[in-house]
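One structure is given here, and the rest of the page talks about it.
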Amino acid sequence: PAGLQQAQGVERTDQFYPDPRLPGPQRAELSDYRGSGFDRGHLAAAANQPTPAAMHDSFALSNMVPQDPTHNRQPWAKLEGDIRKYALRASGDVFVYTGALYEGPPLTIGTNGVHVPSHLFKLVYDATTHRAWAYVLPNSADAQLGRPLDYPSCVQRTRWPVLAGLPVR
């Protein structure tokens, strides 16, 4: 919650850039997104960044995936906002894990072949209550928020047992 309170005063920069820490052949470039029909969708949301340096870092293309514009600006933005509201009300730490799934035939954009995820997910863990829940949404314009998944269902879908060893209810 403290980090999100700090983030409320940080101005969004919208200065996207290729991540210089990645070798050229493994790095997405701004030109890969140009004309692709996809947004540069944040994994770690810009609105969650508590400092100007963190805000800057959140605009590295290594923190982006090609995201359907309607998905990015509507259900995904609502989900990010709802999670922020929850975290601000929580009595302790809340951890949010975000990722991409690649199911079905691969789709890429740009000359660097940036992979387009078929789905995006968010897993939320409240460290005080030990509650965990997740959302897995198709990366499409018709995606809608439904009921959240429980942690075991999230692990089954993502194959990522990130909370292994922690108490989860």
key: Verdict with supporting geometry, Leu61 and Asp19, side-chain contact (heavy atoms from CB on, under 4.5 Å)   = CA-CA 6 Å; Leu61 292 182; Asp19 192 331; 5.8 Å; no

task = Tell me, with the steps shown, if Leu30 and Tyr17 meet side-chain contact (heavy atoms from CB on, under 4.5 Å).
result = CA-CA 7 Å; Leu30 294 169; Tyr17 63 94; 5.7 Å; no

ask   = What's the verdict on side-chain contact (heavy atoms from CB on, under 4.5 Å) for His71 and Ser140, showing C-alpha distance, side-chain angles and the deciding distance?
value = CA-CA 6 Å; His71 179 272; Ser140 62; 5.8 Å; no

message = Test side-chain contact (heavy atoms from CB on, under 4.5 Å) on Trp160 and Val155; report intermediate values, then the result.
response = CA-CA 5 Å; Trp160 192 34; Val155 171; over 6 Å; no

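The line from CH2 of Trp76 to CG of Asp39 is 13.5 Å long, rounded to the nearest 0.5 Å. Taken to the nearest 0.5 Å, the CZ atom of Arg40 stands 12.5 Å off from the CG atom of Asn63. If you take CZ on Arg157 and CG on Leu101, they are separated by 6.0 Å, rounding to the nearest 0.5 Å. One finds the CD atom of Gln49 at 15.0 Å from the CD atom of Glu11 (value rounded to the nearest 0.5 Å). Atom CG of Asp93 sits about 6.5 Å away from atom OG1 of Thr128, to the nearest 0.5 Å. Ser62 contributes atom OG, which lies 12.0 Å from atom CD of Gln26 (distance to the nearest 0.5 angstrom).
Contact check for Asn72 versus Pro69: no side-chain heavy atoms found under the 4.5 Å cut-off. Val116 places none of its side-chain heavy atoms less than 4.5 Å from the side chain of Thr108. Between Ser36 and Pro66, every side-chain heavy-atom pair lies at or beyond the 4.5 Å cut-off. You'll find the side chain of Phe121 stays beyond 4.5 Å of the side chain of Leu137, heavy atoms only.
Cluster annotation: Leu123 is not connected to Leu145 through the hydrophobic network of ILVMFWY side chains, with a link wherever side-chain heavy atoms come within less than 4.5 Å. No single ILVMFWY cluster, assembled from side-chain heavy atoms under 4.5 Å apart, contains both Tyr102 and Met64. A single hydrophobic cluster is seen to contain both Val162 and Val136, as judged by linkage of ILVMFWY side chains at heavy-atom distances under 4.5 Å, directly or through other members. Tyr151 and Val96 fall into different hydrophobic clusters, where Ile, Leu, Val, Met, Phe, Trp and Tyr residues are linked whenever their side-chain heavy atoms come under 4.5 Å apart, directly or through other members. Note: the hydrophobic cluster containing Tyr97 also contains Leu166 (ILVMFWY, side chain heavy atoms under 4.5 Å, direct or indirect links).
In this structure a side-chain-to-backbone donor-acceptor pair under 3.5 Å is present from Arg169 to Thr129. Remark: the backbone N or O of Glu103 is not paired with any side-chain donor or acceptor of His119 at under 3.5 angstrom. In this structure a side-chain-to-backbone donor-acceptor pair under 3.5 Å is present from Thr158 to Cys154. No donor-acceptor pair closer than 3.5 Å links the side chain of Asp32 to the backbone N or O of Val114.
Of all heavy-atom pairs between Ala44 and Ser58, the closest is O-CB, 4.1 Å. When all heavy atoms of Ala7 and Ala47 are compared, the closest pair comes out as CB-O, 3.4 Å.
In this view, Thr13 and Gln15, Met55, Phe59 satisfy the side-chain contact (heavy atoms from CB on, under 4.5 Å) rule, not counting sequence neighbours. Remark: Gln6 engages Pro50 in a side-chain contact (heavy atoms from CB on, under 4.5 Å) (not counting sequence neighbours). In terms of the ring pair (Phe, Tyr, Trp, His ring centres under 6.0 Å) criterion, His115 has no residue partners (sequence neighbours excluded). When the side-chain contact (heavy atoms from CB on, under 4.5 Å) test is applied to Pro167, the partners found at least two apart in sequence or on another chain are Tyr125, His130.
Classification of Glu29 and Arg27 as a salt-bridged pair holds, one side-chain N sitting under 4.0 Å from a carboxylate O.
Side chain to side chain, Arg84 and Asn48 meet the donor-acceptor criterion of an N or O pair below 3.5 Å. Side chains of Asp68 and Asn139: no donor on one and acceptor on the other come within 3.5 Å.
Side-chain contacts under 4.5 Å among hydrophobic residues (ILVMFWY), followed directly or transitively, place Leu4 together with Leu88. The hydrophobic cluster of Leu22 has no other members, since no ILVMFWY side-chain heavy atom comes under 4.5 Å of it.
Ring geometry for Trp133 against Tyr86 counts as perpendicular: the plane angle is over 60°, on a 0 to 90° scale with 30° as the lower cut.
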